[in-house]
Q: 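One structure, as structure tokens, below. Some questions next.
Each chain gets a letter, A, B and so on, in the order the sequences are listed, and its residues count up from 1.
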Amino acid sequence: MALRIYNTMTGEKELFVPLTPGRVGMYVCGVTVYDYCHIGHARAGIVFDIIYRYLQYSGYDVTYVRNYTDIDDKIINRANQEGTDYRTIADRYIEAFDEDMARLGLAKPTVEPKATDHIGGIISIIEALVAKGHAYLSGGDVYYAVETFPEYLKLSGRNLEDMLAGARVEVGDKKRHPMDFALWKGSKPGEPWWQSPWGNGRPGWHIECSAMSMEFLGKTFDIHGGGKDLVFPHHENEIAQSEGANGCQFVRYWVHNGFVNINAEKMSKSLGNFFTIREVLQKYDPETLRFFILSAHYRSPLDFSDQNLDEAQSGLERIYNCLASLDDILNGNPQPAETALVRDLPQVGLELQEKVDSFMTRFAETMDDDFNAAQALGVLFEMVRATNRFLAETEKMAPLSLSLLAHVRALFVEAGGVLGLFTTAPSLWLERIKAAKACQIDISTDEIERLIAERSAARRAKDFRRGDEIRDLLLAKGILLLDSAQGTTWNVK
RNA sequence: GGCGCGUUAUCCAAGAGGCUAGGAGCCGGUCUGCAAAACCGUUAACGUCGGUUCGAAUCCGACACGCGCCUCCA
């Protein structure tokens, strides 16, 4: 099997062949740091996180670049609103972004450059574009002349006439063609600025990504990612800039993730229907959110709702329950000596052994198929079921059984490492979920414990009516009682 | 108006011609004083109408509905 990636440029899944064998250069558009990130940003972050992890898992030496756009109209506007400077705003939200992504368990990219640290590179590219006739100076700004780049709009598969028919393009008097876009903007009073051959000013939005990708990955590199909404204009413009300046192919594989929807509508800042990552993490565990995001293919739309998050949590709990059972058994028994033959296993054991043997192959096959994490989760669940069956039907754990279970446990760690899941000890995770639910209950832990003690006494005295009364009372408060041989524990409904 | 995408059982969701996806739920069972939790088992689908094919959820065409981009946006 070999990795196949859906390339937006061709609209097809293509065999992935890196420019340099064994190495991958990947650039993903980060965020403009002017506010807290929402769930859409979380999805993009997690999608490219697992792509990054899987490429590494597949043996590639990956250089992953994800930028911060730290100079932009929105940042300046925000600074003006708050009566501060753009740097304060940018630094504040860079910090917030880092916190959010760390909580979501994203691996750190190889480089996280800031646009403002690459003004020199930006100016060089603009100079090259001007020299080649792709760009022109007009009223203190520098614009890209889209008509000089015949392949413009090749990524989104449109043409200039159709775009203009859309009639929502503002015709600026400084532009030769309405679709021309700014590479460099002359600074207005009070705005941050840098020196340039065209006077003091600041970079346009698109040019920074051309500059930073070239700096760290070269003129041509393997994978460029971002949200679907960046296809036009951002990525089209990057292509025009980079290929216009360098005269060679910019990106080999374009990868775009789908949106997060609310009630089947795109979640976005402009629509105002968004939830920030922080808000959601107050209610849901970060791994639940990750699991939810991975439960749909990265190019599909994903509908965000409490019900869907709850379902994701139930599914993840199922896996963690299985892992917790495995840990109990593995920790409670001596390390197996590993001698017996496979055929000594009972029938359920053979079934599990078969799942174990094929697991990583099947997992890799699904991930090789355009990073199909949703299907990979299906493979995981099949192993959960086989494991649970084995545990239920095996009374005495022979060394061979223990060795098999240890193998299962290791496979979950291996797959979890690619998906960014199961990073927490199962017992801790389950405890954490319980604690989070407990916060929403209006009865104290002490009171619950007191009632449980009273009920246990009643049950010992065979007073089951009183016992059931207490159980119903707690249930009304949303507390579930779990009786077992070891005693009674509780959980939140 | 231009370009593109989607429609899978109660819900979420994978699936690019023949091979049980998976999860949540329902129902049945194991366990239990009875329950619950957990676990096991089971259930059901491919928007509509045509076409291609021995065979279509999967390919082609039309229609309906939904969504996205065309303006800053992950």
Q: Let's test this: given Watson-Crick or G-U wobble pairing with both distances under 3.5 Å, identify the partner of B/A38.
A: B/U30
Q: I need the CG-C1' distance between A/L481 and B/U32, as an integer number of Å.
A: 14 Å
Q: Measure from the side-chain heavy atoms of A/R158 and tell me the nearest of B/C72, B/C39, B/G2.
A: B/G2
Q: Report the residue (A/C322 or A/L480) whose heavy-atom-nearest nucleotide on RNA chain B is the more 5′ of the two.
A: A/L480
Q: Looking at B/A74, I'd like to know if its phosphate oxygens (OP1 or OP2) sit under 4.0 Å from a side-chain N or O belonging to A/K266.
A: no
Q: Under 4.0 Å, counting only non-hydrogen atoms across every strand here, what does A/N321 touch: a base, just sugar-phosphate, or nothing?
A: sugar-phosphate
Q: Side chains of A/Y54 and A/D368: donor-acceptor distance under 3.5 Å anywhere?
A: yes
Q: Can you tell me the base-pairing partner of B/C72? Count Watson-Crick or G-U wobble geometry only, both distances below 3.5 Å, and say none if there is no partner.
A: none
Q: How is A/G315 classified with respect to the nucleic acid when contacts are heavy atoms under 4.0 Å: base, sugar-phosphate, or nothing?
A: sugar-phosphate
Q: Going by atom types alone, do A/D72 and A/Y86 pair a side-chain donor with an acceptor below 3.5 Å?
A: no
Q: What's A/S270 touching, base or sugar-phosphate or nothing? Going by heavy atoms closer than 4.0 Å.
A: base
Q: Considering only side-chain heavy atoms of A/D483, which listed nucleotide, B/A35, B/C70, B/A74, is closest?
A: B/A35
Q: Are A/R466 and A/E469 close enough for a salt bridge, meaning some N to O gap below 4.0 Å?
A: yes
Q: Using purine N1 to pyrimidine N3 plus N6-O4 or O6-N4 for Watson-Crick, or N1-O2 and O6-N3 for G-U wobble, each under 3.5 Å, what pairs with B/C54?
A: B/G18
Q: Could a donor-acceptor pair under 3.5 angstrom be found where the side chain of A/R471 meets the base of B/C34?
A: yes
Q: Does a donor on one side chain and an acceptor on the other come within less than 3.5 Å for A/Y68 and A/D98?
A: yes
Q: Would A/N67 and A/T69 count as having a side-chain donor-acceptor pair, cut-off 3.5 Å?
A: yes
Q: Name the closest nucleotide to the A/L482 side chain, picking from B/A74, B/A37, B/G33.
A: B/A37
Q: Rounded to the nearest Å, what distance is computed from the CE atom of residue A/M9 to the P atom of nucleotide B/G4?
A: 16 Å
Q: Among B/A74, B/G41, B/G22, find the nucleotide with the atom closest to the side chain of A/F381.
A: B/G22
Q: If you measure from the ring centre of A/F259 to the centre of the six-membered ring in the base of B/A74, is it under 5.5 Å, with the planes under 30° apart?
A: no
Q: Can you spot which of A/H256, A/M26, A/E238 makes a side-chain contact (heavy atoms from CB on, under 4.5 Å) with A/H224?
A: A/E238
Q: Holding to salt bridge (Lys or Arg N to Asp or Glu O under 4.0 Å), I want the full list of residues that pass it with A/E82, two or more places apart in sequence or in another chain.
A: A/R78, A/R92
Q: When only distance counts, do a donor and an acceptor, one from the side chain of A/R385 and one from the base of B/C39, lie under 3.5 Å apart?
A: no
Q: Could one point to a donor on the side chain of A/N261 or the base of B/G66 with an acceptor on the other under 3.5 Å away?
A: no
Q: Once each nucleotide of nucleotides 8-17 of chain B is scored for protein heavy atoms under 4.0 Å, what B/S/- sequence comes out, 5' to 3'?
A: ---BSSSSB-
Q: Base, sugar-phosphate or nothing for A/V28? Non-hydrogen atoms, less than 4.0 Å.
A: nothing
Q: Select one nucleotide: of B/G33, B/C72, B/A74, the one nearest the side-chain heavy atoms of A/P233.
A: B/C72
Q: In terms of side-chain heavy atoms of A/R455, which of B/A74, B/C39, B/C34 is nearest?
A: B/C34
Q: Taking N and O atoms by type only, does the side chain of A/R459 place a donor or acceptor under 3.5 Å from a partner on the base of B/G33?
A: yes
Q: Want to settle it: does A/N159 or A/S268 sit nearer the 5' end of RNA chain B, counting the closest nucleotide to each?
A: A/N159
Q: Where the side chain of A/K175 meets the backbone of A/D180, is there a donor-acceptor pair that is under 3.5 Å apart?
A: yes
Q: Go ahead and name the base partner of B/C65; Watson-Crick or wobble counts if both distances stay under 3.5 Å, otherwise write none.
A: B/G6
